[in-house]
2 protein chains.
Amino acid sequence: MAQAITKERRKRDSSATRAELIAIATDEFAEKGLAGARVEEIAARTATSKHMIYYHFGSKDGLYRAVLEQAYDEFRVAEGSFDYDDLTALDALSALVGATFDVHARCPQIVRIIMAENINCGQQIRSIDSFQQRELALDTLRRILDRGAADGTLRSGLDPLQIHLTVSALCFHYIANVHTFGHVFEFDAHSAEHMKARRKEVVATVISRCAATAGEEKR
Amino acid sequence: MAQAITKERRKRDSSATRAELIAIATDEFAEKGLAGARVEEIAARTATSKHMIYYHFGSKDGLYRAVLEQAYDEFRVAEGSFDYDDLTALDALSALVGATFDVHARCPQIVRIIMAENINCGQQIRSIDSFQQRELALDTLRRILDRGAADGTLRSGLDPLQIHLTVSALCFHYIANVHTFGHVFEFDAHSAEHMKARRKEVVATVISRCAATAGEEKR
DNA sequence: TGTTGACCGGACAAACCGGTACGTTTAATG
DNA sequence: CATTAAACGTACCGGTTTGTCCGGTCAACA
């Protein structure tokens with residue numbers, strides 16, 4: 001009965017242990033993928049032991065799922081915390097795209113983990129159903145596009161899903177592929193100036209696609 | 001002196017064996033990543049044995065590097081085999097973007113392998129220096145942009161690198177992330193119709209970004 | 001046709017790694 | 001303080017996986 005309190009007040013804190021494990025594991029999985037990461041290595045980098053991974057998460061896959069879940073949560077809160085209704089459709093769209101870019105830039109490990117998931121054909125993600133936030137993001141975008149189409153500032157007939165894919169692609173790709181790009185073109189894609197330039201370009205690209213043209217055609 | 005001929009004419013053909021090994025390994029690495037793929041599994045799927053992997057490539061990493069190298073080569077020939085100088089800048093740009101999309105769509109394993117490389121921070125790619133083709137692709141793009149800027153059909157002041165990144169992002173992302181997207185939005189991203197729709201959208205996006213705005217357009 | 005050397009395959013070895021058994025510590029509670 | 005259950009650590013097991021060994025085969029060429 002005092003159970004709940006008991007659990008909460010522990011000094012020997014399970015949730016702290018879990019959090020540390022997840023944090024380190026996020027790094028490790030992002031760097032090496034699910035198969036490449038080593039349970040022992042993850043444990044060694046924490047203050048606790050390998051056994052705790054099995055105690056708290058049951059298996060390597062369990063830990064990975066926990067990492068995935070938290071990663072998506074972080075994305076969600078970062079993406080969803082903005083009110084676009086106060087702005088004009090054009091400004092809202094710019095803000096949305098910029099914010100999306102920033103989220104990706106801020107959480108490169110998450111981007112990496114999503115990559116890892118795709119290499120593994122999204123096996124693990126199927127057992128998690130906590131990402132209605134994507135649909136939510138799509139709704140946000142749809143509202144902006146509708147608003148812009150109505151007042152003539154944005155092109156009409158745009159497919160929200162396509163635009164979402166475009167935004168996602170532009171933001172994701174730069175963060176995801178810094179290494180190969182950096183090597184091929186020999187520039188430091190991480191640097192603040194390149195980051196800023198890329199962000200600007202991404203926003204400009206989406207705006208170009210969505211903004212109404214002078215001689216707007218209607219079918 | 002008859003050495004070259006000898007090597008060529010073998011029935012017991014080493015290059016055929018190598019090719020088969022690389023082909024299967026490409027699949028396997030693309031599906032599971034470097035760490036996730038199993039040497040034994042690769043060997044089992046070929047007509048030859050595991051020993052040949054070590055005979056021809058020295059190690060698992062050696063095989064992976066060979067796969068990477070050939071993957072980039074395939075991209076290069078597929079990308080470079082077109083003459084854009086006969087077309088107007090606008091048409092050339094559309095063709096270039098479309099062709100880039102098609103290359104990615106046709107070789108999803110290569111896309112996957114580049115993903116895998118980025119997860120592993122491009123460790124292996126550093127030991128390969130055979131991709132000036134990217135710079136070549138950049139030159140092709142630069143020429144088109146310059147031409148378009150000169151005759152007023154394309155915006156002036158565009159950065160070829162940024163546009164290249166954009167094209168790459170749009171083409172790469174759709175192919176790379178079919179699994180997570182497919183799951184989140186519940187549609188079959190592989191299907192011909194979705195593929196076609198996406199291709200059209202990608203071309204339209206790049207054109208929107210690069211085309212001269214209504215005021216300056218001629219045609 | 002016999003020799004040579006590149007090519008091949010299956011069995012084997014050693015390391016590696018996920019997972020577990022079992023014992024210990026900590027903190028809340030009576 | 002004794003009890004209890006959660007939290008934790010250590011040592012180890014057993015399957016898996018990379019890489020090797022050794023004997024055999026086939027094609028080219030003299």
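Numbers restart at 1 for each chain; the letters A, B, ... are given by sequence-line order, proteins then strands.
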Starting from [atom2] on [N], measure out to [atom1] on [X] and report it in whole angstrom.
X	N	atom1	atom2	value
I53(B)	dC7(C)	CD1	C1'	15 Å
I42(B)	dT17(D)	CD1	P	12 Å
M52(A)	dT24(C)	CE	C1'	11 Å
F29(A)	dG18(C)	CZ	C1'	12 Å
E40(B)	dT20(D)	CD	P	15 Å

OP1 or OP2 of dG9(D) under 4.0 Å from side-chain N/O of T48(A):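 Affirmative; the distance criterion is met.
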Centroid-centroid distance, H164(B) to F185(A), less than 6.0 Å: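 H164(B) vs F185(A): aromatic centres under 6.0 Å.
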Touch class at under 4.0 angstrom, heavy-atom based, for A37(A) against every strand present: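 Sugar-phosphate contact only.
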Side-chain donor/acceptor contact of K50(B) with base of dG19(D) under 3.5 Å: yes
Parallel, tilted or perpendicular: ring planes of F172(A) versus H104(A), cut at 30 and 60 degrees: perpendicular
H179(B) and H190(B) aromatic ring geometry - parallel, tilted or perpendicular at 30°/60° bounds: perpendicular
H51(B), nearest nucleotide to its side chain (from dA21(C), dC22(D), dC7(C)): dC22(D)
